[in-house]
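First the structure, in the form of C-alpha cells, and then the observations on it.
Letters A, B, ... mirror the listed sequences (proteins, then strands); counts begin at 1.
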Amino acid sequence: MTTTSPAPVLSMTGVSKRFGAVQALKDIEFHVSTGEVVALVGDNGAGKSTLVKAIAGVYTTDSGEVTFDGAPVTITSPSQAQSLGIATVFQDLALCDNLDVVGNLFLGNELKRSGALDEVTMEQESWRLLRELSAKIPSVRIPVASLSGGQRQTVAIARSLLGEPKVVMLDEPTAALGVAQTAEVLNLVERLRERGLGVILISHNMSDVMAVADRVSVMRLGRNNGDFRVADTNTNEIIAAITGATTNAVTARAARRTPHEEQS
Amino acid sequence: MTASQTPPSTDPTASVEAPADLQDERLIASQGLGGWAAATWDRIRSGDLGSLPVVIGLVIIWAVFYALNPAFISSRNLVNLTLQMVPIGVLAIGVVLVLLLGEIDLSIGSMSGLSGAVLAVLFVSHGVSAWLAVLAALATGAVAGLVYGLLFNRFGVPSFVITLAGLLILLGLQLRVLGTDGTVNIPFESSLVQFASQQFLPAWLAYLLAVAVPALYLLARVRTNQRRSAAGLSAPTFAAVAVRAVLLALGLALAVYVLGRDRGLSYMVLLFLVLVVVMDLVIRRTTWGRSVLAIGGNVEAARRAGINVKRVYLTVFTLCSTFAALGGILAASRLASANQSSGGADTNLNAIAAAVIGGTSLFGGRGSAYSALLGIFVIYSISNGLALLSVSADIRYVVTGAVLLLAVVVDSLSRRSRAAHGRA
Ligand SMILES: Nc1ncnc2c1ncn2[C@@H]1O[C@H](COP(=O)(O)OP(=O)(O)OP(=O)(O)O)[C@@H](O)[C@H]1O
Ligand SMILES: [Mg+2]
C-alpha cells in the first residue's frame, strides 16, 4: 500500500485472535499515523471491537506483530496500553455504576495531593473536559448509573482525553449521542488530528466516516477487506467492501426505491 | 442570551457566574443548611439510605431494653458493652473490605481463634515477649490472607469456597497449636490482659479528644471549601459545616461523660475507633480505596481502566485476615485465655452480620468502614440487653438472626429503590 502520510505511530501485521471455534481476527494488518483519522468499518461481528480490545490490551492476540512509535511491543494489559499512550472508548463503555462521574473519569489516573485524592482539582478538570464536549450532565457528583445512555457515552469519551494519549480509539462513540453532541465528537476527532494524534474511529454511519476520516479500513468476517483513502473513494465502494459484493442489500434497496420514488 | 446557551468557562474572572457545578438549570439548588437537609431527605427517599436504618434500629433497641431494664443504660453496663464489642468489631472492619469488593471471607472466626492460640502459646508457654507474640499472631493472619488472595487470583475459585476450606484448615491448626490441654490461660497481670480490660483514658484526655476530633474535622472541611471556592466550585456554607462539627462534638462529649461516670473510655475501644476512622479515610480518600470500590462496582471496567485488579484482591484478602488476627488477639487478651472454642460458635456470623447490618452491601461497591462500628454496636446492644434480662442463648441467636435478616432485606429493598431512582 502506498501512503504519503508520516511514519505510523501504531502498526500491526498478521494479527489473529480466536474465541473457541470463532476466528474473530485472521491475519489482520492495520496501521495509523500521527495526525491521521482512520475509520474502521465493517458489518456487525466483523471483528472491529475485537481488534480495538486487542490493541487496548483487554485481549491478548494469538499471533501477530505490533509496533508502537517504531518499536516492537507486546501489549499484555490495559495498563500497559495506557502507559504507551493508547486511550480507548469501548463500545460497552466500561463504567463503574457505583462511582460518580469524577470517579469514573479519573479511574486509574487519580490526581493526588499529599497522598490523598485531590477531589477538588479532579472535579474542576471534569467540568472543563465535559464543557469541551458540550456535555449535558447536571452534576458530576452523582453515580453514573443515574445518567442517560448518551451522557454515559460522553463520560467515556471524556475519559479517553485525560492524560497525553498518542492514539485514541473510539468504538462507536456517537451511537447514543444527540445531534449537537455527535457534531461535538466529530469536531473533537478533528481537533485530535490537529494535535497530531492518531485516531481510530469505528462507526456504522457512513456520512460521519466520510466527513472526518482520512482513510477507511474495511473489515469483513474477521479479515481485512480493503483500505481506501477517503479522497479517492465513495460511499458505494466502501459499502461494497463491507458487504463483500457489488450487489447487496443496500444497493438492491436503493434500486428498488428509485423507480418507486419516480412513480409518486 | 449567550449566557444560557453556552455555559461560560470556569475562568475565575467570570466569578459573577454560578459555581461550575451548579450551572445546569435542571439542578435543584441545595445551598446552605436547608439545602443540605433537603438533599439528604431526597437521597433517603430514593433508597440511598446510608446508615439511617441502623441508627433508627439502634434507637428502638435501646428504648426497648431501657423500658425492660433501666440498668441497660447505666454507665457500668455501657462500658462493658464497649469492651465486649471490640474484638468482633475489629473482625467486621476486615469483612467490610472484602464485601466492598463483592467477595466474602468465611474463615475470619477460625482465623481469630488461631491467632489467639498462637499469641497465648508463644507468650505463655514459650515465654516470648508480648510484642513479638502479637506480631507473630498478626503475621499468621497476613499469611493466611495472602494465600487466599493467591489462590483466588490464580484459579478464580469463588472466595466463599476458598475461605470455607480455610475455615476448616485454620480450625485444625488452632487445635494443633493449643495442644492436648486445649486451653492456655494468659496471666491476668500481663500487659496484654491489662490493655484489653483494665486501661482507660484519663477523663481530661477523653474530653480533649471529643473536642479535638470535631475541630480537626471542621478545619479540614473549611480548607476544602476554600479550595473549592477558589476552583470555581460550589461549597457548603460555613454554618452548615460548623453545625455538623458542633453536633459531632456534643455527641462525643456526651459519650465520654456517660462512660466517664464509670471506668471511662478504654484504650482498646479507642484503638478500634481509630482503626475505623483510618480505614474510612483509606477507602474514601486514597487511590487504593477508590480501586476497591471500582472493582466492587464493575471488575471489568476497573481492569480496563488499568487498575491492577489482582494486587487489590491480594491486599484486601490479606488485610481482612490480618484484621481477623488482631480481633483474635484482642479477644484472647480480654478473656485472658485462648481455648479450643475461641473464635468458634457465632464469631464468624456476628462479624459478617455486623458489616451488613451497619449498611455495607453484600453486592459489592457500596459501604463504609463505619458500618463495622454501627453494626457491631447493634449486635452487642441486643446480646448485652438480652443477657441483662437473663434470656438464654437460644433466644439471643434467634433475635440476632432476625435483625440480620431485616438488615439484608433493607439492603436488597434499597438496592431496588436505588435502581428505580437511578442511583445504582
Ligand atoms: N468475548 C468473546 N467470546 C467469544 N466470542 C466473541 C467474544 N467477543 C467477540 N466474539 C466474536 O467475535 C466476532 C467479532 O466480534 P466483534 O465484537 O469484534 O464485532 P464488531 O465488528 O465490533 O461488531 P459490531 O459492529 O456489532 O460491534 C463475533 O463473531 C463475536 O461473536
Ligand atoms: Mg463492536
- Task: Give the C-alpha distance, both sets of side-chain angles, the deciding distance and a yes or no for side chain to side chain contact (heavy atoms under 4.5 Å, CB included) between A:Asp92 and B:Glu300.
- Result: CA-CA 11 Å; A:Asp92 52 5; B:Glu300 184 55 22; 5.9 Å; no
- Derivation of the salt bridge (charged side-chain N to carboxylate O under 4.0 Å, His left out) call for A:Glu119 and B:Arg290: CA-CA 12 Å; A:Glu119 296 283 359; B:Arg290 182 59 56 85; 2.7 Å; yes
- Residues A:Leu95, B:Asn298; criterion side chain to side chain contact (heavy atoms under 4.5 Å, CB included); working and verdict: CA-CA 7 Å; A:Leu95 300 172; B:Asn298 185 344; 6.0 Å; no
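Heavy atoms closer than 4.5 Å to chain B are found nowhere in A:Val140, neither backbone nor side chain. For A:Asp118, the part sitting under 4.5 Å from any heavy atom of chain B is the side chain, from C-beta outward, and nothing else. Both the backbone and the side chain of A:Ala116 come within contact range of chain B, each with at least one heavy atom under 4.5 Å from a heavy atom of that chain. For a residue to count as touching a neighbouring chain, one of its non-hydrogen atoms must lie under 4.5 Å from one of that chain's; by this rule A:Gln80 does not touch chain B. With a 4.5 angstrom heavy-atom cutoff, B:Ile307 touches chain A only via side-chain atoms. B:Ser291 does not touch chain A: none of its heavy atoms, backbone or side chain, sits under 4.5 Å away.
A:Asn98 contributes no side-chain N or O that, together with a main-chain N or O of B:Arg366, makes up a donor-acceptor pair within less than 3.5 Å. Between the side chain of A:Gln82 and the backbone N or O of B:Arg304 there is at least one donor-acceptor pair closer than 3.5 Å.
You'll find the side chain of A:Arg113 reaches within 4.5 Å of the side chain of B:Arg227, heavy atoms only. Using a 4.5 Å cut-off on side-chain heavy atoms (C-beta onward), A:Leu117 and B:Thr286 make no contact. The shortest side-chain heavy-atom distance between B:Arg228 and A:Gln124 does not fall under the 4.5 Å cut-off.
In terms of heavy-atom proximity, B:Gly306 sits nearest to A:Ser79 at O-CB, 3.4 Å. Contact record, A:Val120 with B:Leu233: O-CD1, 3.7 Å, taken as the closest heavy-atom pair. The two residues A:Leu107 and B:Ala305 make their nearest non-hydrogen contact at O-CB, 3.7 Å.
Contact count versus chain B (heavy atoms, under 4.5 Å) is highest, among A:Cys96, A:Ala56, A:Gly57, A:Ser126, for A:Cys96. Among A:Thr88, A:Asn104, A:Leu99, A:Asn109, the residue with the largest count of heavy-atom pairs under 4.5 Å with chain B is A:Leu99.
Counted within 6.0 Å of CZ on A:Arg191, heavy atoms from surrounding residues, nucleotides or ligands total more than 12; the atom is thus considered enclosed.
Salt-bridge annotation for B:Arg285 and A:Glu110: absent, with no side-chain N of the basic residue lying under 4.0 Å from a carboxylate O of the acidic one.
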